[in-house]
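Structure first, commentary second.
In this text the structure is predicted, and so the values were computed from the model without any measurement.
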Amino acid sequence: MQYVIIGNSITSVGCIESIRKHDTTGAITVIGEENHPIYARPLISYLLQGKTDEQKMTYRDEGFYQKHGVQVLTGRRVEKIEVEGQLLRLDDGSSMQYDKLLIATGSIPFIPPMKNLEEVEHRHTFLSLSDAKELEAELQPSSRVLIIGAGLIGLKCAEGILERVQSVTVVDLADRILSSILDEEGSARVQTHLEQIGIRFHLGDSVREFCGQEALLTSGKVVGFDILVLAVGVKPNIALAKDAGLAVNKGILIDQACRTSNPHIWAGGDCSEGWELLSGERRNLALLPNAYMQGETAGYSMAENEQRFENAIAMNAIGFFGLHIITAGIYQGEDLCFATEKGYKRLFIKDDHLVGCILIGDQVARGGIYTNLIRSRTDLRTLDFAMISEQPALMAFAQKVRSEQLGRAQ
Amino acid sequence: MKKIYVNEQWCLACHLCEYYCAYANSGLSDMVQALKDKPLHPRIQVEQRGTVSFAVNCRHCSEPLCLKSCIAGAITEKDGLIVIDQDKCVGCYSCIMACPYGALMPSESGVMQKCELCATNSHGLPVCVQGCPNQAIVYEER
Ligand SMILES: Cc1cc2nc3c(=O)[nH]c(=O)nc-3n(C[C@H](O)[C@H](O)[C@H](O)COP(=O)(O)OP(=O)(O)OC[C@H]3O[C@@H](n4cnc5c(N)ncnc54)[C@H](O)[C@@H]3O)c2cc1C
């Protein structure tokens with residue numbers, strides 16, 4: 001058996017770990033374009049902030065590949081998948097046969113057209129360790145940094161570099177920050193926090209044109225900068241799959257076992273579009289837990305021990321300068337809001353089920369109890385909802401449920 | 001594998017498990033020195049309401065969602081024991097987002113902590129269980 005994985009990141013690790021639970025002898029080869037052993041991608045901002053280092057941010061131990069009997073080709077790019085011959089063409093001219101293939105090619109940056117963008121000399125994206133190192137090499141205490149995009153990646157980048165530069169200015173077309181995961185109140189609270197720490201925002205605005213070291217905004221404002229970071233968003237990296245004729249939408253279409261439309265090919269993680277629990281639709285969930293669990297599911301299926309991943313939801317934990325945020329699910333149905341001076345919570349309830357939550361600041365503790373209610377589709381009538389909506393606690397469950405939770409091997 | 005299980009009906013809400021946990025993970029050999037006049041950061045926590053109380057700590061799940069959600073690769077499993085490498089943890093709260101039991105929490109330094117059944121401190125066996133006066137928590141195979 002020859003298992004081949006394209007992409008050497010989170011999804012790939014999930015796949016390797018689950019294949020090896022059932023197949024200890026099949027050959028596994030991983031082909032990764034990046035010239036690094038596997039690392040924790042979300043930690044690149046923490047690296048610039050000095051909260052981790054390259055040694056610590058390895059996603060798995062040094063011995064990982066060897067322990068799992070994996071051959072890794074780093075710095076090698078797959079150019080083409082030939083589905084008829086089950087063959088991969090690599091950038092060095094070589095080819096490789098596969099019996100079962102996982103496509104885990106992740107995300108690529110999405111960059112909207114901006115006039116004269118190509119002429120900006122110090123221009124970066126912020127998706128990889130190399131991106132982070134290239135950005136770091138240019139940072140000076142006198143640097144004025146302009147970040148396009150007030151989403152997760154743009155703001156994590158801002159946090160990572162703020163203390164190392166003179167100024168950080170963020171521009172976003174949306175009229176509020178983190179608009180994909182927060183409601184208006186949440187966005188406003190986090191924005192106030194970030195502004196107090198020194199980040200400047202131009203929201204509901206965009207770059208009309210770059211002119212030397214200046215960005216001319218649609219609003220007419222002019223922002224001077226030395227370094228530009230493009231963090232508008234990411235999109236699934238589907239070029240190989242599309243070229244091979246696999247069914248794709250925005251991402252590579254997969255079922256609940258992470259199979260693609262080709263019987264020998266699986267896909268998972270940021271490049272894919274699998275079934276989301278709450279919408280009942282296929283969604284691209286470009287988040288790490290989802291990547292790991294899809295990789296894991298694909299691996300089980302590839303090793304012929306099929307398990308279905310049926311409760312994928314968006315769930316995200318993120319923090320900026322000590323203000324932490326947990327969000328999960330979808331924001332539909334009735335809602336309950338609780339606000340304190342140091343925090344904010346909003347719960348979304350639909351048909352007696354919790355379907356979404358936003359937890360900020362002093363409301364994040366034990367937030368997993370809420371995300372579990374969402375993922376497990378718990379009927380809220382089976383527990384003391386008044387109690388649990390006030391504070392996540394196992395106390396709110398029926399005693400019988402709790403004796404299972406705490407009295408039985410999990 | 002032996003784990004900690006809760007006998008809710010025996011819990012007295014005395015919170016001794018929390019004290020023993022904080023002591024066991026303090027690195028100090030003297031309990032008074034470890035706890036006196038210091039904020040406690042126990043990895044086991046008692047929930048209490050009216051006459052009902054019980055202790056909650058890591059269940060050491062066979063499908064650990066905390067591990068699968070950790071963005072740093074700081075949480076690992078070895079022979080059923082789920083441990084966190086606090087050197088690798090960056091304190092992002094993903095494990096808190098994921099744990100169905102609410103069993104992880106920030107440590108004094110801001111990175112996350114969890115019950116490791118005293119297997120990774122100098123005690124070797126869960127000190128909370130040894131200190132529980134009423135067998136409301138037990139360490140056994142189930
Ligand atoms: C700055 C930043 C912060 C983030 N923070 C969080 C967070 O806090 N929480 C969270 O849940 N998620 C976060 N994410 C998202 C998370 O990193 C991704 O969801 C996760 O990395 C997806 O894993 P993946 O394996 O699917 O793809 P990726 O990690 O994108 O890896 C894909 C790999 O495939 C390689 N590849 C692509 N094409 C080829 C080819 N043709 N040949 C060979 N190799 C190829 C790429 O080089 C890359 O190494 C963050 C992302 C970034 C960039």
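In this structure, the portions of A/Leu394 lying under 4.5 Å from any heavy atom of chain B include both its backbone and its side chain. For a residue to count as touching a neighbouring chain, one of its non-hydrogen atoms must lie under 4.5 Å from one of that chain's; by this rule A/Tyr46 touches chain B with the side chain only. Heavy atoms of A/Met315 lying under 4.5 Å from chain B belong to its backbone as well as its side chain. Only the backbone of B/Ala55 comes within contact range of chain A, judged by heavy atoms closer than 4.5 Å. A/Arg408 touches chain B through its backbone: at least one of N, CA, C or O sits under 4.5 Å from a heavy atom, while the side chain does not. Within the 4.5 angstrom heavy-atom criterion, no atom of A/Gln55 approaches chain B. For B/Cys92, the parts sitting under 4.5 Å from any heavy atom of chain A are the backbone and the side chain alike. Contacts of A/Ser376 with chain B are absent, with no heavy-atom separation under 4.5 Å from either backbone or side chain. A/Leu43 touches chain B through its side chain: at least one heavy atom from C-beta onward sits under 4.5 Å away, while N, CA, C and O do not. Using a 4.5 Å cut-off between heavy atoms, B/Glu141 does not touch chain A at all. Using a 4.5 Å cut-off between heavy atoms, B/Cys95 does not touch chain A at all.
Minimum interatomic distance between B/Ile71 and A/Pro42 (heavy atoms only, all atoms of both residues): CD1-CB, 3.7 Å. Between B/Ile96 and A/Val364, the shortest heavy-atom distance links the atoms CG2-O, 3.6 Å.
The closest side-chain heavy-atom distance from B/Arg59 to A/Gln405 is not below 4.5 Å. Taking the side chain as every heavy atom from C-beta outward, B/Phe54 and A/Met395 approach each other to under 4.5 Å. With contacts defined as side-chain heavy-atom distances shorter than 4.5 Å, the pair A/Ile369/B/Tyr101 does not qualify. Residues B/Val56 and A/Arg366 meet the side-chain proximity criterion, which asks for heavy atoms closer than 4.5 Å. Side-chain contact between B/Val111 and A/Lys51 is absent, with no heavy atoms from C-beta onward closer than 4.5 Å. Counting only heavy atoms from C-beta outward, the side chains of B/Leu65 and A/Met293 approach each other to under 4.5 Å.
No other option in B/Pro106, B/Ala72, B/Ala98 has as many heavy-atom pairs under 4.5 Å with chain A as B/Ala72. Top candidate by heavy-atom pairs under 4.5 Å with chain B, chosen from A/Arg41, A/Met387, A/His324, A/Gln399, is A/His324. Heavy-atom pairs under 4.5 Å with chain A were tallied for B/Gly91, B/Gly110, B/Gly73, B/Ala103; the largest tally goes to B/Gly73. Among A/Ile38, A/Thr58, A/Ile318, A/Thr52, the residue with the largest count of heavy-atom pairs under 4.5 Å with chain B is A/Thr58. Of all the listed residues (B/Val52, B/Ile4, B/Val90), the one sharing the greatest number of non-hydrogen pairs under 4.5 Å with chain A is B/Val90. The greatest number of non-hydrogen atom pairs below 4.5 Å with chain A, out of B/Lys88, B/Glu47, B/Met1, is found for B/Glu47.
Around the CG atom of A/Asp362, the shell of radius 6.0 Å holds more than 12 heavy atoms that belong to other residues, nucleotides or ligands. In A/Lys67, the NZ atom is not crowded: 12 or fewer heavy atoms of neighbouring residues, nucleotides or ligands sit closer than 6.0 Å. Around atom CD of B/Glu140, more than 12 heavy atoms belonging to other residues, nucleotides or ligands sit under 6.0 Å away.
Between the OG atom of B/Ser94 and the CG atom of A/Asn316 there is a distance of 7.0 Å, given to the nearest 0.5 Å.
Side chain of B/Ser69 to main chain of A/Pro289: no donor-acceptor pair is present (N/O by atom type, distance under 3.5 Å, no hydrogens or angles).
Using a cut-off of 4.0 Å between Lys/Arg side-chain N and Asp/Glu carboxylate O, B/Lys68 and A/Glu17 are scored as not salt-bridged.
Contacts from residues 5-27 of chain B to chain A, taken as heavy-atom pairs separated by less than 4.5 Å, involve B/Tyr5, B/Val6, B/Glu8 in sequence order.
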